[in-house]
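Single-structure report; data block below.
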Amino acid sequence: MLDPRLFRTELDFVTEQLSRRSFNFNPAAYLELETRRKDIQVRTQDLQNERNSRSKAIGQAKAKGEDVQPLLDQVQHLGDELKAAETTLAEIQTSMAALMEGIPNILDAAVPDGKDEAANVEISRWGNVPEFGFTPKDHVDLGTDKGMDFELGAKITGSRFVVLNGGLARLQRAIIQLMLDTHTAEHGYSETYVPFLVNADSLRGTGQLPKFAADLFKASDDPALYLIPTAEVPVTNIVRDVIVEAKDLPLKFVCHTPCFRSEAGAYGRDVRGMIRQHQFEKVEIVQIVKPEDSVQAHEELTQHAETILQKLNLPYRKMLLCAGDTGFSSAKTYDLEVWLPGQGAYREISSCSNFKDFQARRLQARWRNPETGKPELVHTLNGSGLAAGRTLIAVMENYQDAGGRIHIPEALKPYMGGLDIIG
RNA sequence: GGAGAGGUGGCUGAGCGGUCGAAAGCGGCGGUCUUGAAAACCGUUGAGGGUUGAUCCCCUCCCAGGGUUCGAAUCCCUGCUUCUCCGCCA
């Protein structure tokens, strides 16, 4: 959520900034609602004030043993009027909240214009795209005889699910272990284990609700619980309604969870293989920082994700997402795209975002600023460090040999129990 | 799943339907004292919002949502949640 004060003082700026995202914000409609809000709120508070002072007077008169009946007669009419005003105010505030919750974050000045991924800007490239003396296979062809079974996934559940057996299941686990160990031992993150089902308040806090309900799997109606689309949700919500002491910042969490996405609107895209599944494993890194530190933290966090790709010696490029491709809650996002020989293309394997105070305002996640002594909003950031399912694909495709066997990267061997080749 | 007891400020913990946003203690902050620190003493110390140039002032918040009342932390209902006991269970 954006700062309501920004709307009151810099409406033109907000409107202009939102248009960068092709978000159609109607300032006139906002102003009308805001004017009514102010009007009704002032009137309601006046009425409340009157009720309070009169009730207090009744109490005082009663304490002195005076006859309070005349006073009671005077307040007869107050109740209805006040109740009506309070009801109207609540309705307006609900409308205002709904409006505000549907408005995306303002983009960082560094974010380039553009309407879709074609306008993303390549920042850097790392590693050498491998030269094979043969036509490299994709992970589906490589995995068929090694325990990657999409038909079984479809039988047990449906499309976009997979079963992994033997070496490939172990390889995915090894990838996860490497990530967790690297982020805890080398990057200073604290390993966290969280619920995989979350309530609506948590999803509202990180921005998935109310706007993106269709992307979620709802697991229960009463109480309303949802499967997490990313560990970002439960982990960032650790600081919901919390005032963190300055000395405890930054908070850095790393968390491995499965992620569940309905992939509504992705029909027909990436239907082959493990690229886009309803369920996938991911290691997420999350930082809660002082506002002044978030720009630097964003660079570091992205670097932390890059470290994993470098340890696995997987070629990748770092992209700065353009205005149209940057997510709803994010002010600035870097995507890391790994080279997939089977597709002959770079594909997203990590997305690292600085949300600034957008999530924090929804979450009421604050820190006590020693300079002001007041609670102020923190900045939140997160990134995939990395998506484990896609990392598995990348390892398979980049480490294949002419015989269709998969060589285990050096960094993963300690986790593979002596196995150094699959196939 | 069954039975019972609770949810109050950063923490512990009082609170008869009426000057209660809330006693007291701890913690925090400031001061006195001290070479410095501790101790002691004095003072101060919740959050959000409206209005304002800034104060003042006003409103809301004692788990959440309803209700009763002129007036609710206090009474009633529902939900959530914590704890204890029994049952079941990885």
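Throughout, protein chains are lettered first and strands after them, A, B, ... in sequence-line order, and every chain is numbered starting at 1. For the numbers below, each heavy atom of this structure counts, side chains included, while hydrogens, waters and symmetry mates do not. Bear in mind the structure is a predicted one, so any value in this text is a computation, not a measurement.
Donor-acceptor pairing under 3.5 Å is recorded for the side chains of A:Ser202 and A:Arg240. Using modelled atom types and a 3.5 Å distance limit, the side chains of A:Thr380 and A:Gln359 yield a donor-acceptor pair.
Of the candidates B:G18, B:G50, B:A47, the closest approach to any side-chain atom of A:Val42 belongs to B:G50. Checked against B:U68, B:C70, B:C59, the side chain of A:Lys83 finds its nearest nucleotide in B:U68. The listed nucleotides are B:G48, B:C59, B:G18; the one nearest the side chain of A:Pro375 is B:G48. Comparing B:G18, B:G50, B:U60 by their nearest atom to the side chain of A:Ile58 picks out B:G18. In the set B:G49, B:G48, B:C58, the nucleotide with an atom closest to the side chain of A:Asn49 is B:C58.
Under the 4.0 Å criterion applied to side-chain N and carboxylate O atoms, A:Glu32 and A:Arg36 are not assigned as salt-bridge partners.
Residue A:Lys62 places a side-chain atom within donor-acceptor reach of the base of B:G18, judged by atom type and a 3.5 Å distance cut-off alone.
The CG atom of A:Asn199 sits 12 Å away from the C1' atom of B:U81 (whole-angstrom rounding). Between A:Glu34 atom CD and B:G49 atom P there is a gap of 13 Å when expressed in whole angstrom units. Whole-Å rounding puts the A:Ile92 CD1 to B:C59 P distance at 20 Å. In this structure, the CD atom of A:Gln45 is 9 Å from the P atom of B:G50, given to the nearest Å. A:Arg368 places its CZ atom 6 Å from the P atom of B:A47, with the value rounded to the nearest Å. For the pair A:Asn52 CG and B:A72 C1', the computed distance is 12 Å after rounding to whole Å. Taking atom CD on A:Glu86 and atom C1' on B:G65, their separation rounds to 15 Å, with Å as the unit. Residue A:Arg240 contributes atom CZ, which lies 13 Å from atom C1' of B:C63 at whole-angstrom precision.
Separating the P atom of B:U45 from that of B:C56 is a span of 13 Å, rounded to the nearest Å. The gap from the C1' atom of B:A72 to that of B:G18 amounts to 10 Å, rounded to the nearest Å. The P atoms of B:G65 and B:C57 are separated by 28 Å, rounded to the nearest whole Å. Annotation: B:C76 and B:U69 have their C1' atoms spaced 12 Å apart (nearest Å). Between B:U84 and B:G13, the distance separating the two P atoms is 15 Å to the nearest Å. If you take atom P in B:A39 and the same atom in B:G27, they sit 8 Å apart, rounded to whole Å. Comparing the C1' positions of B:C26 and B:U44 gives an interatomic distance of 16 Å, to the nearest angstrom.
Between A:Phe161 and A:His278, the ring planes are tilted. Angles from 30° to 60° get that label.
The residue among A:Leu72 and A:Arg37 whose nearest nucleotide of RNA chain B is located toward the 5' end is A:Arg37.
A:Arg366 comes within 4.0 angstrom of the backbone, heavy atoms only, and of no base. Within the 4.0 angstrom heavy-atom criterion, no nucleotide atom of any strand lies near A:Asp46. Contact annotation for A:Gln60: base contact, defined as any heavy-atom pair under 4.0 Å involving a base atom.
Across all strands shown, the partner of B:G10 is B:C26, judged by Watson-Crick or G-U wobble contacts whose two distances both fall under 3.5 Å. Of the nucleotides present, B:G18 is the one that pairs with B:C70 by Watson-Crick or G-U wobble criteria, both distances under 3.5 Å. Within the shown strands, B:G31 is the pairing partner of B:C41 under the Watson-Crick or G-U definition, both distances less than 3.5 Å. In this structure, B:C56 forms no base pair with any nucleotide, since neither Watson-Crick nor G-U wobble geometry is met with both distances under 3.5 Å. Pair assignment for B:G1: B:C86, on the basis of Watson-Crick or G-U wobble contacts that are both within less than 3.5 Å. B:C61 is paired with B:G46 under the criterion used here, namely a Watson-Crick or G-U wobble arrangement in which both key atom distances are under 3.5 Å.
Taking NE2 from A:His256 and NZ from A:Lys282, the interatomic distance works out to 10.0 Å, rounded to the nearest 0.5 Å. We find the OH-CG distance between A:Tyr334 and A:Leu336 to be 10.5 Å, quoted to the nearest 0.5 Å.
Taking the centre of each ring, A:His304 and A:Tyr189 come in below the 6.0 Å mark.
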